[in-house]
Amino acid sequence: MSRVAYVNGTYSPHGEAVVHIEDRGFQFADGVYEVWSVFDGRLADFDGHMTRLHRSLNELRIDIPMSVASLTRVLRETVRRNRVKNGIVYLQVTRGTARRDHPFPTPGTPPSVIVTAKSISPARGDAQAQKGVAVLTQPDIRWGRCDIKTVGLLPNIMAKQAAREAGAYEAWFVDDMGLVTEGSSTNAWIVDEHGKLRTRDTQANILKGCTRTTLMELIKEHGVELDERPFSVEEAKRAREAFFTAAGAFVTPAISIDGTRIGDGKPGPITLKLRALYLDQARRDAV
């Protein structure tokens, strides 16, 4: 069956779905996005993603395009029409279509809403997690509002491509002080050399990941000590374990950073425990 996309009120075959050439998402990357994981046809971390969507739209002063109930119906219908049992559903909202000009268009210009969905094999991710993946560090050259989930992702794309060309799965951004900020599409974590679980706090202008937030709640419930504090690349290389979190990656162990083996070069017990806890919770709470 061919894929189906939702664009501004219409469900169309994926290959025929289009937006206007002067859509501000295309012209200026003037938009935001969210990605929900899909478990058994249901959306994981639903409220977290919806809350972050509204925050991003408000920060950029883009009108909220429809009610939560209406948008939820669109997301679920797109998942249904694409027969996605396990995978992701992607939402993009832009400031809409208007004559190309840098200032905001006339008030009342309707935002554009695009939704797509695709299947992803859970077995592939599970096999990857059991083996672990490599990480490459890259200078953080992104704009100063990384806390907004904007569609302006060119630095992220360049970093991710550099990682793939180096045989790594993910890239971790590093600021001018040599501290890891976050991944190109993930949040970064380590179990440091003293056995303490660490991740950077979101006050540091990084994206507040929804998977990160859910995992932090699970960590608290299970009495695991967490230190929300930046760590350097060198600290990461000396760590006992390293991993990253995201809607598509869940909790994925990193077994090397810039070619340096982390721990014994295998996914660590804390990482694998946290992955199992997250997946169990996400499947149970998906809506």
Side-chain angles (χ1 to χ4, degrees), residues 32-39 42-60 64 68 71-72 75 86-93 120 125 129 135 142 145-151 153 156 170 172-173 179-192 196-231 236 241-254 270-287:
V32 302
Y33 76 102
E34 283 294 336
V35 180
W36 283 262
S37 295
V38 178
F39 293 105
R42 298 174 296 131
L43 280 62
D45 292 323
F46 183 81
D47 291 339
H49 286 286
M50 193 64 73
T51 298
R52 188 173 62 183
L53 170 69
H54 281 75
R55 179 187 180 277
S56 294
L57 291 169
N58 286 329
E59 288 293 308
L60 294 179
I64 295 172
V68 171
L71 183 54
T72 301
L75 293 169
N86 296 290
I88 60 170
V89 58
Y90 173 88
L91 164 71
Q92 182 169 309
V93 181
I120 298 175
V135 165
R142 299 171 299 164
R145 291 300 308 273
C146 302
D147 58 305
I148 303 173
K149 202 167 177 68
T150 172
V151 296
L153 294 173
N156 306 62
E170 175 61 309
W172 280 2
F173 288 118
L179 301 173
V180 174
T181 54
E182 57 189 335
S184 68
S185 60
T186 61
N187 287 117
W189 304 65
I190 62 169
V191 178
D192 69 19
K196 185 168 290 188
L197 183 61
R198 290 168 63 181
T199 190
R200 191 158 183 156
D201 66 281
T202 54
Q203 300 302 315
N205 207 22
I206 68 168
L207 189 69
K208 189 175 183 180
C210 295
T211 304
R212 174 189 184 278
T213 299
T214 298
L215 187 63
M216 291 181 74
E217 293 169 356
L218 288 168
I219 287 167
K220 185 176 180 180
E221 288 175 14
H222 287 79
V224 179
E225 186 179 358
L226 172 64
D227 190 0
E228 279 191 89
R229 180 164 57 91
F231 52 85
E241 301 180 36
F243 63 93
F244 48 85
T245 55
F250 312 130
V251 179
T252 297
I270 293 176
T271 302
L272 293 178
K273 177 183 178 181
L274 292 176
R275 179 180 173 88
L277 288 172
Y278 173 77
L279 286 173
D280 181 63
Q281 179 86 7
R283 289 191 177 102
R284 186 168 61 248
D285 292 349
V287 297

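Looking only at side-chain heavy atoms (C-beta outward), Ile148 and Ser56 come within less than 4.5 Å of each other. Counting heavy atoms from C-beta on, the side chains of Lys149 and Leu207 come closer than 4.5 Å. Looking at Val35 and Leu91, their side chains never come closer than 4.5 Å, going by heavy atoms from C-beta outward. Contact annotation: the side chain of Leu277 never approaches that of Leu215 to less than 4.5 Å [non-hydrogen atoms, C-beta and beyond]. Using a 4.5 Å heavy-atom threshold, the side chains of Val38 and Asn86 count as separate. Using a 4.5 Å heavy-atom threshold, the side chains of Val135 and Phe244 count as touching. Looking at Asp227 and Lys196, their side chains come closer than 4.5 Å, going by heavy atoms from C-beta outward. Under the 4.5 Å side-chain criterion, counting only non-hydrogen atoms from C-beta, Glu228 is not in contact with Gln203.
Within the structure, every pair that satisfies the side chain to side chain donor-acceptor pair (under 3.5 Å) test and touches residues 273-287, not counting sequence neighbours, is listed here: Asp45-Tyr278, Asp126-Arg275, Asp280-Arg284, Gln281-Arg284, Gln281-Asp285.
Here the shortest heavy-atom pairing between Ser37 and Gly248 reads OG-N, 4.2 Å. Pairing each heavy atom of Ala188 with each of Trp172, the nearest pair is CB-CE2, 3.4 Å. Residues Leu179 and Pro230 come closest through the heavy atom pair CD1-CB, 3.9 Å. Shown here for His54 and Met50, the closest heavy-atom pair between the two residues is ND1-O, 2.9 Å. Leu197 and Leu274 get closest at one heavy-atom pair: CD2-CD1, 4.1 Å. Closest heavy-atom contact between Arg212 and Asp201: NH2-CA, 3.9 Å.
Taken to the nearest 0.5 Å, the OG1 atom of Thr150 stands 10.5 Å off from the CZ atom of Arg145. Separation of atoms CD (Glu34) and NE2 (His49) is listed at 6.0 Å; rounding is to 0.5 Å. If you take CG on Asp47 and CZ on Arg52, they are separated by 13.0 Å, rounding to the nearest 0.5 Å. The structure places CD1 of Ile270 at 12.0 Å from CH2 of Trp189, a figure rounded to the nearest 0.5 Å. Taking CZ of Phe173 as the reference point, atom OG1 of Thr181 lies at 7.0 Å (rounded to 0.5 Å). The OH atom of Tyr33 sits 12.0 Å away from atom CG of Leu53, with the distance rounded to the nearest 0.5 Å.
In this structure a side-chain-to-backbone donor-acceptor pair under 3.5 Å is missing from Thr186 to Glu182. Thr271 contributes no side-chain N or O that, together with a main-chain N or O of Pro253, makes up a donor-acceptor pair within less than 3.5 Å. Listed for the Arg200 side chain is no donor-acceptor partner under 3.5 Å among the backbone atoms of Ile206. Proximity of a side-chain donor or acceptor of Thr214 to a complementary backbone N or O of Thr211 within less than 3.5 Å is not detected. Looking at Arg42, its side chain does come within 3.5 Å of a backbone N or O of Ala286 through a donor-acceptor pair.
When ring centroids are compared, Phe39 and Phe250 come within the 6.0 Å threshold.
Across Arg55, Lys208, Arg142, a single residue satisfies salt bridge (charged side-chain N to carboxylate O under 4.0 Å, His left out) together with Asp147, and that is Arg55.
Residues Glu170 and Ser184 have side chains that bring a donor and an acceptor to within less than 3.5 angstrom of each other.
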| task | Decide yes or no on side-chain contact (heavy atoms from CB on, under 4.5 Å) for Gln92 and Val32, but give the supporting numbers first. | result | CA-CA 6 Å; Gln92 182 169 309; Val32 302; over 6 Å; no
